[in-house]
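A quick write-up on the structure given underneath.
Both backbone and side-chain heavy atoms feed into the values below; hydrogens, waters and symmetry mates do not. Here the structure is a predicted model, which is why all the values come from computation and not from measurement. Numbering of residues begins at 1 and proceeds along the displayed sequence.
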Amino acid sequence: MKFIIAIIKPFKLDDVRDALTEVGIAGMTVSEVKGFGRQKGQTEVYRGAEYTTNMVPKVKLEIACSSELAAQAVEAIQNTAGTESIGDGKIFVMGLEDAVRIRTGETGDTAI
């Protein structure tokens with residue numbers, strides 16, 4: 001099993017969710033987050049005054065999936081979330097030792 005964490009631009013969320021559903025991902029957790037990387041924040045204008053924010057709003061996806069689906073999921077995220085501009089985000093893939101469905105007690109791939 002694999003655990004995928006993807007940080008993407010917020011307006012890409014619906015497209016990425018649809019692409020992941022097409023490859024067989026049954027569920028995910030979505031969080032609104034803020035952060036920065038090479039972008040170093042952004043400059044905005046509010047009521048005529050220009051100011052710089054050092055944290056950029058992003059969306060964090062957390063996906064637990066079988067090892068067989070992981071490569072397809074990463075490819076779907078990369079192809080759908082990419083705009084070929086700075087700040088598109090990152091994808092992290094980690095090994096997932098175990099999963100347990102609380103309601104039934106199922107473990108492993110069947111719990112996902």
Side-chain angles (χ1 to χ4, degrees):
M1 293 182 299
K2 299 290 183 183
F3 189 65
I4 301 169
I5 299 173
I7 310 295
I8 63 171
K9 292 181 175 181
F11 70 92
K12 288 292 195 171
L13 176 59
D14 289 334
D15 295 337
V16 170
R17 186 189 60 211
D18 293 341
L20 288 170
T21 301
E22 286 180 21
V23 298
I25 298 298
M28 70 180 81
T29 301
V30 178
S31 307
E32 293 180 8
V33 296
K34 292 183 179 185
F36 72 92
R38 291 184 184 161
Q39 239 175 322
K40 303 287 190 248
Q42 59 191 13
T43 302
E44 296 182 6
V45 177
Y46 179 72
R47 294 190 177 183
E50 187 174 298
Y51 68 97
T52 302
T53 60
N54 58 359
M55 296 291 178
V56 180
K58 300 287 183 181
V59 172
K60 177 181 175 182
L61 308 177
E62 296 173 303
I63 303 159
C65 65
S66 66
S67 297
E68 295 79 29
L69 278 180
Q72 293 174 344
V74 168
E75 185 178 355
I77 295 167
Q78 186 174 7
N79 291 340
T80 309
T83 64
E84 296 185 13
S85 63
I86 191 165
D88 277 349
K90 297 274 192 293
I91 303 171
F92 306 99
V93 181
M94 297 170 270
L96 183 60
E97 189 174 321
D98 202 5
V100 178
R101 183 175 308 221
I102 294 172
R103 180 176 51 88
T104 62
E106 294 171 297
T107 61
D109 280 342
T110 57
I112 298 175

**Request:** Quick one: closest heavy-atom pair of G27 and I63, and the distance?
**Result:** O-CG2, 4.1 Å
**Item:** salt bridge (charged side-chain N to carboxylate O under 4.0 Å, His left out): pairs with one or both residues in residues 92-103, sequence neighbours excluded
**Value:** R101-E106
**Message:** Tell me whether the count of non-hydrogen atoms from other residues, nucleotides or ligands lying under 6.0 Å of CD in Q72 goes above 12.
**Reply:** yes
**Complete:** For V30 and L61, the nearest pair of non-hydrogen atoms, with its separation, is CG2-CD2, 3.6 Å
**Prompt:** Which heavy atom of I8 sits nearest a heavy atom of A81, and at what distance?
**Reply:** CG2-CB, 3.8 Å
**Asked** Can D88 and T83 be counted as having a side-chain donor-acceptor contact under 3.5 angstrom?
**Response** yes
**Item:** Where at least one partner belongs to residues 60-84, residue pairs that pass salt bridge (charged side-chain N to carboxylate O under 4.0 Å, His left out), sequence neighbours excluded
**Value:** K60-E62
**Complete:** For F11, the other hydrophobic cluster members (4.5 Å side-chain criterion, sorted by chain and number) are none
**Message:** Side-chain heavy atoms under 4.5 Å apart, restricted to Ile/Leu/Val/Met/Phe/Trp/Tyr: what other residues fall into the cluster of V100, or is it alone?
**Reply:** none
**Item:** pair R17-D14: side-chain heavy atoms closer than 4.5 Å
**Value:** yes
**Request:** Sequence neighbours left out, what passes side chain to side chain donor-acceptor pair (under 3.5 Å) with E22? Give chain and number order.
**Result:** none
**Item:** Residue pair K58 / I7: nearest heavy atoms and the distance that separates them
**Value:** CB-CG2, 3.7 Å
**Prompt:** Transitively linked via ILVMFWY side-chain contacts under 4.5 Å: V23 with L13?
**Reply:** yes
**Request:** For C65 and I25, work out which heavy atoms get closest and say how close.
**Result:** CB-CD1, 3.8 Å
**Asked** Under the side-chain contact (heavy atoms from CB on, under 4.5 Å) test, which residues partner V74, sequence neighbours left out?
**Response** I4, I91, V93
**Item:** Hphob cluster co-occupancy, M28 + M94, side-chain heavy atoms under 4.5 angstrom
**Value:** no
**Prompt:** Ignoring hydrogens and geometry, is there a side-chain-to-backbone donor-acceptor pair from T80 to I77 under 3.5 Å?
**Reply:** no
**Complete:** A99 meets the side-chain contact (heavy atoms from CB on, under 4.5 Å) criterion, sequence neighbours left out, with M1, A111, I112
